[in-house]
Amino acid sequence: MAELGRALGRILVAWTLVTTLSGALVYGIFLYLEPLLPGIDLPGVGIRLAVAGGAGGLVLGLVQRRISADLLELSGAWPAASALGWAFGLPAVVGFSVWIRPLVVDLPDGFRLGFILAGTGLAGAAAAGWQWVLLRTRLEGAPWWLLANGVGWLMAWILVLAIGLFLGSGEPLPVETNRFADGLVLGACAGFMIGFEQGIALVGLIAQAAWVDRKK
């Protein structure tokens, strides 16, 4: 069991690290696409977020399969599921935040933020749906994966909002190329929160499966 614990710890650290780096990669791709898909209107930003999220998610899924291979053989469709999740999740989070603002403008600040974060959490859970379909064939308790992703995306958005305010950005996702460094920081921080929550859920599910097998 000690060896299993060390292996799970390595997966948690590696999973969190690679998702952190992928968050920065996604934002870098997002800015790189600006000359190709100009405009800061919601459709233009959404398209860039979807393309960047899909590319970053694909790379992330490929690496995730490798770092978990010793204890869990993820499906060959995992990279595609990761790409689809990020391509959907990022535009959904930003789009929902923009869409709901005028609808809750008369509510107290706490309620407005609550609605935005609730939508973010639901979008994060939905973004993990394709991964959940693959995980449930290998691990019992896979619905926890949806909860972990919802919490991870929610916490990521809180952190992005806080750091965006600290950096003096008028928006939580700055799009100006002269704020490239700020964008990488925000992307990395969001990736860290998502990866950490995912990693905790994954090692927990693997540990549970190992415990059940040991008791048989």
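What you see is a predicted model, and the numbers here were worked out from it, not measured in a lab.
In this structure, W15 and L60 have side chains that are not in contact, with every pair of non-hydrogen atoms separated by 4.5 Å or more. Between F96 and L122, every side-chain heavy-atom pair lies at or beyond the 4.5 Å cut-off. Using a 4.5 Å heavy-atom threshold, the side chains of T20 and I194 count as separate.
The nearest pair of heavy atoms linking P91 to G46 is CG-O, 3.6 Å. Taking every heavy atom of both residues into account, A156 and A190 meet most closely at CB-O, 3.6 Å. Between W153 and A127, the closest heavy-atom pair is CZ2-CB, 4.4 Å. The two residues A201 and A148 have their closest heavy-atom pair at CB-CB, 3.4 Å. For the pair Q208 and G141, the tightest heavy-atom approach, listed with the atom from each and the gap, is OE1-CA, 4.4 Å. Between P79 and L62 the shortest heavy-atom distance is CG-CD2, 3.5 Å.
Looking only at distances, a side-chain donor or acceptor of R138 sits under 3.5 Å from a matching main-chain atom of E73. Put simply, the side chain of R136 never gets that close to the backbone of A142: no donor and acceptor are under 3.5 Å apart. A donor-acceptor pair under 3.5 Å is formed between the side chain of T16 and the backbone N or O of L12. Side-chain atoms of T120 do not come within 3.5 Å of backbone N or O of V93 as any donor-acceptor pair.
Residue L21 is not grouped with residue L186 when hydrophobic side chains (ILVMFWY) are merged at heavy-atom distances under 4.5 angstrom, including chains of intermediate members. Put simply, I67 and L17 are part of two different groups of oily side chains (I, L, V, M, F, W, Y) that touch within less than 4.5 Å, one to the next. L117 and M193 fall within the same hydrophobic cluster, defined by Ile, Leu, Val, Met, Phe, Trp and Tyr side-chain heavy atoms under 4.5 Å apart, directly or through other members.
A distance of 11.5 Å separates CG of L154 from CG of L159, quoted to the nearest 0.5 Å. Note that CD of Q198 is 4.0 Å distant from CH2 of W145, once rounded to the nearest 0.5 Å. For the atom pair CG (L135) and OG (S75), the distance works out to 9.5 Å, reported to the nearest 0.5 Å. With rounding to the nearest 0.5 Å, the separation of CD1 in I29 from CG in L49 is 11.5 Å. Rounding to the nearest 0.5 angstrom, the gap separating the CG atom in L205 from the CD1 atom in I200 is 12.0 Å. In this structure, CD in Q64 is found 7.5 Å from OG in S22, a value given to the nearest 0.5 Å.
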side-chain contact (heavy atoms from CB on, under 4.5 Å) assessment of L134 paired with L74: CA-CA 8 Å; L134 302 176; L74 293 173; over 6 Å; no
Working for side-chain contact (heavy atoms from CB on, under 4.5 Å), residues T19 and F192: CA-CA 6 Å; T19 313; F192 171 81; over 6 Å; no
Worked verdict on L202 versus L72 for side-chain contact (heavy atoms from CB on, under 4.5 Å): CA-CA 10 Å; L202 184 66; L72 177 67; 3.8 Å; yes
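Taking a 4.5 Å side-chain heavy-atom cut-off between Ile, Leu, Val, Met, Phe, Trp and Tyr, the cluster of F88 extends to L84, W130.
Taking the six-membered ring for Trp, W144 and W132 have ring centres at least 6.0 Å apart.
For R66, the CZ atom sits in a loose shell: 12 or fewer heavy atoms of surrounding residues, nucleotides or ligands are nearer than 6.0 Å.
Between the side chains of N149 and E197, no donor-acceptor pair is found at a separation under 3.5 Å.
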